[in-house]
Amino acid sequence: MFINRRKLLKSAASAGLAAGASGLALPAYAASRPIKIGFVSPQTGPLAIFAEPDNHVLNTFRKQIGDGIMINGSKHPVEFIVKDSQSSSNRASTVAQELIFEDEVDLLAATSTPDTTNPVADQAELNGVPCITNDTPWQPHFFGRQGDPAVGFDYTYHFFWGLEDIVEVFMAQWAAVSTNKVVGAMWPNDPDGNGWAHPELGFPPVMAANGFELVDTGRYQNLSDDFSAQISAFKNAGVEIVSGVMIPPDFTTFWTQAAQQGFNPKVVNVGKASEFPQAMAALGDRADGLSVEVWWHRTSPFNSSFTGQTSADIADAFEADTGAPSTMPLGFKHSLFEVALDALQRTEDPTSPESIAKAIGETKLDTCVGRIDFSAGPVPNIAKTPLVGGQWTIDSKGNPHLDITLNLGHTDIATTAEMRPIG
């Protein structure tokens, strides 16, 4: 019979009580007992760009935490134990198990696409360990883990925007430019691509309802080196809009080959790849006019609940520390630990996974990415965050700048430019 870690801990506690009744010494949970937070992210591999803010964010929180946090009247040191998923779902699952069984963490955290968040959350749920994740659209995370909206999960919580939000943002960007409304899809054979292409929950039904014609050549494999078939199909169909969710190396290959083969759409907005200034800088002038969803920006009107920093402060501190441009994952890495530490500080019993999970579920917190409220849904264990639209401009020195071009439903996030066609 399988026994999860939660049951093992309960068994150990019962054994301790029995030992106390026999007059033996009990291992006491001292007030200074460290709290261990296990963190999984893709520090190497094709998704490594998502992990660039990790060290800076962790050091920011270590400095702010100092010698500990107060939990139910006692101060507890906090230890972060970091594992590299290597951009592999299997590896993410393996290191999550290591954190649970070898490091005996009190809380798991993970970010950066369903390739990381889903296997980590699955291991946490299976073994009764509280877990917080973000940076994956909520449908690929929740339904990709066979979540039941009538039941939800016991230990795993996630916050991010959903496919309904990015469909709305992308279509508003398409509508802002005069086109023939023919859209070519670049959706890979991975959890994100399959989620975005879902015939009921993804892009296709909403596109059809809004009069956009879909040209879908099927799921391609990540790290492909030839997109000639897709480009040829798009040219033959008269595609003027390209959309998708591509890892940076694949989009660079696709967009370079598009230029070589004379394919020049008016709108290109691709999740993942177009989110990073580093990837845009590598494309040079070819990045000018590319558009993207924006989940966090240095101009976002939200502050950190833990450090008090504004979004601009967070971006400036990262850039001063690393010399690299700030990116969207920076805000979400910061907010991940805001939520984790807030929940821990409200926990009645930090030795109890159930108590920590309960505190996470009761979160209502204003963070640097907006308000996180797990009671608001849209399904159990999920909180949604704002999503707006942006577009890249390449300046005379070749530096990319991301403008906010639309803010549907989020007028507190100011626009900084108008949407324009490529070229």
Side-chain angles (χ1 to χ4, degrees), residues 3-13 16 26-43 51 54-85 91-112 116-117 119-134 153-158 306 333-361 363:
I3 301 177
N4 69 21
R5 197 192 81 150
R6 176 169 57 90
K7 292 180 179 178
L8 287 171
L9 290 173
K10 285 186 172 182
S11 297
L26 289 175
Y29 280 106
S32 61
R33 173 190 179 273
I35 300 297
K36 295 182 180 181
I37 300 176
F39 176 50
V40 182
S41 73
Q43 296 155 43
D54 288 3
N55 288 336
H56 171 81
V57 171
L58 288 168
N59 287 336
T60 296
F61 276 85
R62 289 185 182 109
K63 181 178 179 180
Q64 189 73 17
I65 290 167
D67 60 355
I69 59 174
M70 296 300 296
I71 303 177
N72 200 16
S74 298
K75 180 172 282 190
H76 294 261
V78 176
E79 179 182 354
F80 296 101
I81 304 173
V82 182
K83 299 283 187 177
D84 179 11
S85 73
R91 178 65 181 170
S93 180
T94 297
V95 296
Q97 292 179 60
E98 292 175 1
L99 288 166
I100 292 169
F101 293 106
E102 297 177 15
D103 298 296
E104 298 184 342
V105 297
D106 301 285
L107 174 68
L108 274 171
T111 66
S112 308
T116 310
T117 65
V120 172
D122 282 344
Q123 286 298 324
E125 189 72 18
L126 179 66
N127 292 292
V129 178
C131 179
I132 306 170
T133 53
N134 67 24
F153 297 102
D154 292 327
Y155 293 94
T156 53
Y157 292 84
H158 182 82
F306 200 75
K333 296 293 173 71
H334 190 105
S335 65
L336 183 73
F337 296 111
E338 285 185 73
V339 173
L341 290 163
D342 172 73
L344 287 168
Q345 290 173 310
R346 290 184 286 103
T347 298
E348 293 184 4
D349 180 2
T351 70
S352 164
E354 290 83 3
S355 181
I356 296 173
K358 179 176 181 291
I360 297 170
T363 296

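Predicted model, so just to flag it, every value in this text is computed and none were measured.
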Of all heavy-atom pairs between [X] and [Y], which one has the smallest distance, and what is that distance?
X: Asp106; Y: Ile356; result: O-CD1, 3.8 Å
X: Ile132; Y: Leu336; result: O-CD1, 3.6 Å
X: Ala51; Y: Pro42; result: CB-O, 3.4 Å
X: Asp103; Y: Lys36; result: O-NZ, 3.1 Å
X: Ala357; Y: Pro130; result: N-CG, 4.0 Å
X: Thr117; Y: Ser112; result: CG2-N, 4.1 Å

What residue among Leu107, Val339, Val78 forms side-chain contact (heavy atoms from CB on, under 4.5 Å) with Leu344? Leu107
Using the side-chain contact (heavy atoms from CB on, under 4.5 Å) definition, which of the options Thr111, Leu108, Val120, Ile81 pairs with Phe39? Thr111
Measure from the side-chain N and O atoms of [X] to the backbone N and O of [Y], and report whether any donor-acceptor pair falls under 3.5 Å.
X: Glu125; Y: Asp154; value: yes
X: Asp84; Y: Gln43; value: yes
X: Asp342; Y: Glu338; value: no

Take atom NZ in Lys358; do more than 12 heavy atoms of anything else shown fall under 6.0 Å from it? no
Sorted by chain and residue number, the side chain to side chain contact (heavy atoms under 4.5 Å, CB included) partners of Glu348 (sequence neighbours excluded) come out as Ser355
Of all residues at least two apart in sequence or in a different chain, which pass the side chain to side chain contact (heavy atoms under 4.5 Å, CB included) check with Asn72? none
Run the ring-ring contact (aromatic ring centres under 6.0 Å, His included) test against Phe80 and tell me which residues pass, sequence neighbours left out. Phe337
Any donor-acceptor N or O pair under 3.5 Å, side chains Ser74, Arg33: no
To the nearest 0.5 Å, how far apart are [atom1] in [X] and [atom2] in [Y]?
X: Gln97; Y: Asp122; atom1: CD; atom2: CG; result: 11.0 Å
X: Phe306; Y: Leu341; atom1: CZ; atom2: CG; result: 4.5 Å
X: Glu79; Y: Arg62; atom1: CD; atom2: CZ; result: 9.5 Å
X: Ile35; Y: His76; atom1: CD1; atom2: NE2; result: 5.5 Å

Go through Lys83 and Thr94 one step at a time and tell me if the side-chain contact (heavy atoms from CB on, under 4.5 Å) criterion holds. CA-CA 10 Å; Lys83 299 283 187 177; Thr94 297; over 6 Å; no
